[in-house]
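A short write-up of the structure that comes next.
So you know, we letter chains A, B, ... as the sequences are listed, proteins then strands, and number each from 1.
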Number of protein chains: 2
Amino acid sequence: MKTSNLNFEAKQYTSKDFDANLPRVILPAMPDTPGEPVAEPTLEEQIAAYQREFQDLDPQVEQIVSALGRLNRRMNVAYGRQTAEIGISNAEWEVLKALVLSGPPYRLGPGDIAKRLGLTPAAMTHRIDRMVQEGLVTRDRDETNRVRVIVELTDEGREKWLEAMRLASVFEEDLLQDLTPAERGILGEVLTRLLRRVEDAQPDADGRLTDLD
Amino acid sequence: MKTSNLNFEAKQYTSKDFDANLPRVILPAMPDTPGEPVAEPTLEEQIAAYQREFQDLDPQVEQIVSALGRLNRRMNVAYGRQTAEIGISNAEWEVLKALVLSGPPYRLGPGDIAKRLGLTPAAMTHRIDRMVQEGLVTRDRDETNRVRVIVELTDEGREKWLEAMRLASVFEEDLLQDLTPAERGILGEVLTRLLRRVEDAQPDADGRLTDLD
DNA sequence: TTCGAAGTCTTCAATGTTGATGTCTCCGGT
DNA sequence: ACCGGAGACATCAACATTGAAGACTTCGAA
C-alpha cells in the first residue's frame, strides 16, 4: 500500500463550503473532562450522536451523506493548499478551469463564468480585475457586440492551470489508492447516478441561495 | 420509483464552496453558435474536455472526483434552500449541528465551535451575536473559569435543528432513492474508507487555507 | 429615424470572514 | 504572594461577495 503524500490537514479555518458534517459526540453519557479541549468526533461517533438525538435517522443514509460532506471538505482543503503552492487562489483556479473547459479559443464572458461558478456577476468583475493584474487572463470588449466583454486565458494562465492539474492528479490518485479498479468503477457509476438524479431534478435554471441570515 | 421532491435547482450564485467541477465543453471541435449563451456541460462532456486538455488524466479517477464535487455542490444548495425555509441560514445550521452533536448539556465554547466549523474565532463572535439575537443560543461567561465563554443551545434552537433534520432526512432519502440497499452499503463503506485515509493522513492539527489571492 | 425594452457589465453600500492585535483571566515558578 | 507566560475571546482594518441600482449597447417596433 502506497503511503504517499496525502497532503491534507484538517486545516482550521476553511469554511467557504457548507457541508453536512463535523461536530463531536459524547458516547455513553459522559463528556470528556468538563471544560476540556473537546476532541474531533469520528464519523462513527457522529452518526451515533445523530441517532441518539434524532430517532428517525437512517444510519446508512447518514453514513453516506456525512462521509460525502467530510470527504469533500478535506479535498477542498487539499486543493486550496495546492493552488496556494503555485501562487494562485482557489477562486482563481475555478476561473481557469472554466476557461480551459470552454475549449479553444478559451474565451468566455464574465457573466458566463459567473454562472458556472455560482457567483454573482458583480463578484466576477472584481475577480477578473485581479486576474488581469496577475496576467492570468485578458479582458476586452467584444468589438462585434460591444455589450459583451471577453475574458481570455493567457499562456501564463494556461500554464498555471496545467500545474494545478498535475498536482491535483497526484493527489487524487493518492486518495483513491486503496480502491480496487472494480471498486472505482462502481463508485464512479453510483456517484454518477446520484448526480444525474439531482441534476435532472432541476435542469439548472436559475435560483439564488436565499441565505437569509 | 418514487419521483418525489428532489428540491434542487442549480441555483446560480451559490459559491461558499470550492469544488472540482462546473465548466463546459466543446466536443468534436465546434462551439455553439459563437457568441451564444453557452450551456452547462454534462459530467461526461466535462471529463472528455479534461482529457483533451490534459493527456495524463485518468478518466475513472476524474469521474469519481468530479461527481463528488458536483454532487456536493448540489446538495449544499439544497440544504441552503431548506434552512432558508425554516428561517435560519446555513451558517446558523452548522452551529446548531455542532451544539446538538456535542450532546447534553449542549454547550460549547466559541473557540470549539469555530474549530469544528473551520472558521476563525473572530467569525464565531459575530455569528454567535446574531444567533443570540434570534434566540437560538445563549452566551454566558463560565463563572468557574472566567476566561471561558459558554454558548448554549436554547429550546428554540433545538427545535430549529429538529426541523432542519426532518427536511434533510426527506431530501437525503430522495437523493438515494434509486440505490439498492446493497449499493448503499458499498457506497457507504467505500466513502468511509476514503475518508479514513484522508483524515489519517493528517490527524487534524492546525493549518490555514492560505488562500493567497 | 426615433424610441423603448432587454441584455450585459460595472458601481456602490451592506454584510461576513480573515489575520492581527488587544484585553482579561488563569496557572506555574520563584 | 508576585510575576510572567499562556490561553480564550473580542475588536479592528482589509478584503471578497451579495443585491440593487446605474450605464451603455443592441434590437425591434412605430
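With sequence neighbours excluded, the residues satisfying side chain to side chain donor-acceptor pair (under 3.5 Å) with A:Glu143 are A:Arg146. Residues forming a side chain to side chain contact (heavy atoms under 4.5 Å, CB included) with A:Ala164 (at least two apart in sequence, or on another chain): A:Ile86, A:Trp93. Among residues two or more places apart in sequence or in another chain, the side chain to side chain contact (heavy atoms under 4.5 Å, CB included) test is passed with A:Gln51 by A:Ile47, A:Leu57, A:Pro59. For B:Arg141, there are no salt bridge (Lys or Arg N to Asp or Glu O under 4.0 Å) partners two or more places apart in sequence or in a different chain. Partners of A:Glu152 under the salt bridge (Lys or Arg N to Asp or Glu O under 4.0 Å) rule, at least two apart in sequence or in another chain, are A:Arg107. For A:Val132, the side chain to side chain contact (heavy atoms under 4.5 Å, CB included) test picks out A:Ile128, A:Val137, A:Arg139, with sequence neighbours left out. Applying the side chain to side chain donor-acceptor pair (under 3.5 Å) rule to B:Arg166 yields the partners B:Glu159; only residues at least two apart in sequence or on another chain are considered.
Distances were taken from every side-chain heavy atom of A:Ala123 (C-beta onward) to each of D:dT17, D:dT11, C:dT10; the shortest belongs to D:dT17. Of the candidate nucleotides D:dT11, D:dT18, C:dT17, C:dT17 has the atom lying nearest to any side-chain atom of B:Leu119. For B:Ala122, whose side chain is taken as the heavy atoms from C-beta onward, the closest listed nucleotide among D:dT18, C:dA20, D:dA8 is C:dA20. Of the candidates C:dT18, D:dT18, C:dC9, D:dT18 carries the atom nearest the A:Thr120 side chain, counting heavy atoms from C-beta on. You'll find that the side chain of B:Pro110 is closest to D:dC9, out of C:dT18, D:dC9, C:dT10.
For the residue pair B:Glu92 and B:Thr83, no side-chain donor N or O sits within less than 3.5 Å of a side-chain acceptor on the partner.
Rotation axes derived from the C1' atoms of the five outermost pairs at either end of the helix from C:dT1-D:dA30 to C:dT30-D:dA1 lie 0° apart, to the nearest 10°.
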Could you list, one pair per line, each protein nitrogen or oxygen that sits under 3.5 Å from a nitrogen or oxygen of nucleotides 22-27 of chain D, together with the distance?
residue: D:dT26; atom: OP1; partner: A:Arg146; partner atom: N; Å: 3.2

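For the side chain to side chain donor-acceptor pair (under 3.5 Å) test with B:Tyr79, the passing option among B:Glu172, B:Glu94, B:Arg74 is B:Glu172; the others fail.
One atom, CD1 of A:Ile113, and another, P of C:dT10, lie 11 Å apart when rounded to the nearest Å. Atom CZ in A:Arg127 sits roughly 14 Å away from atom P in C:dT10 (whole-Å rounding).
For B:Arg130 and C:dG16, the shortest distance from a side-chain N or O to OP1 or OP2 is below 4.0 Å.
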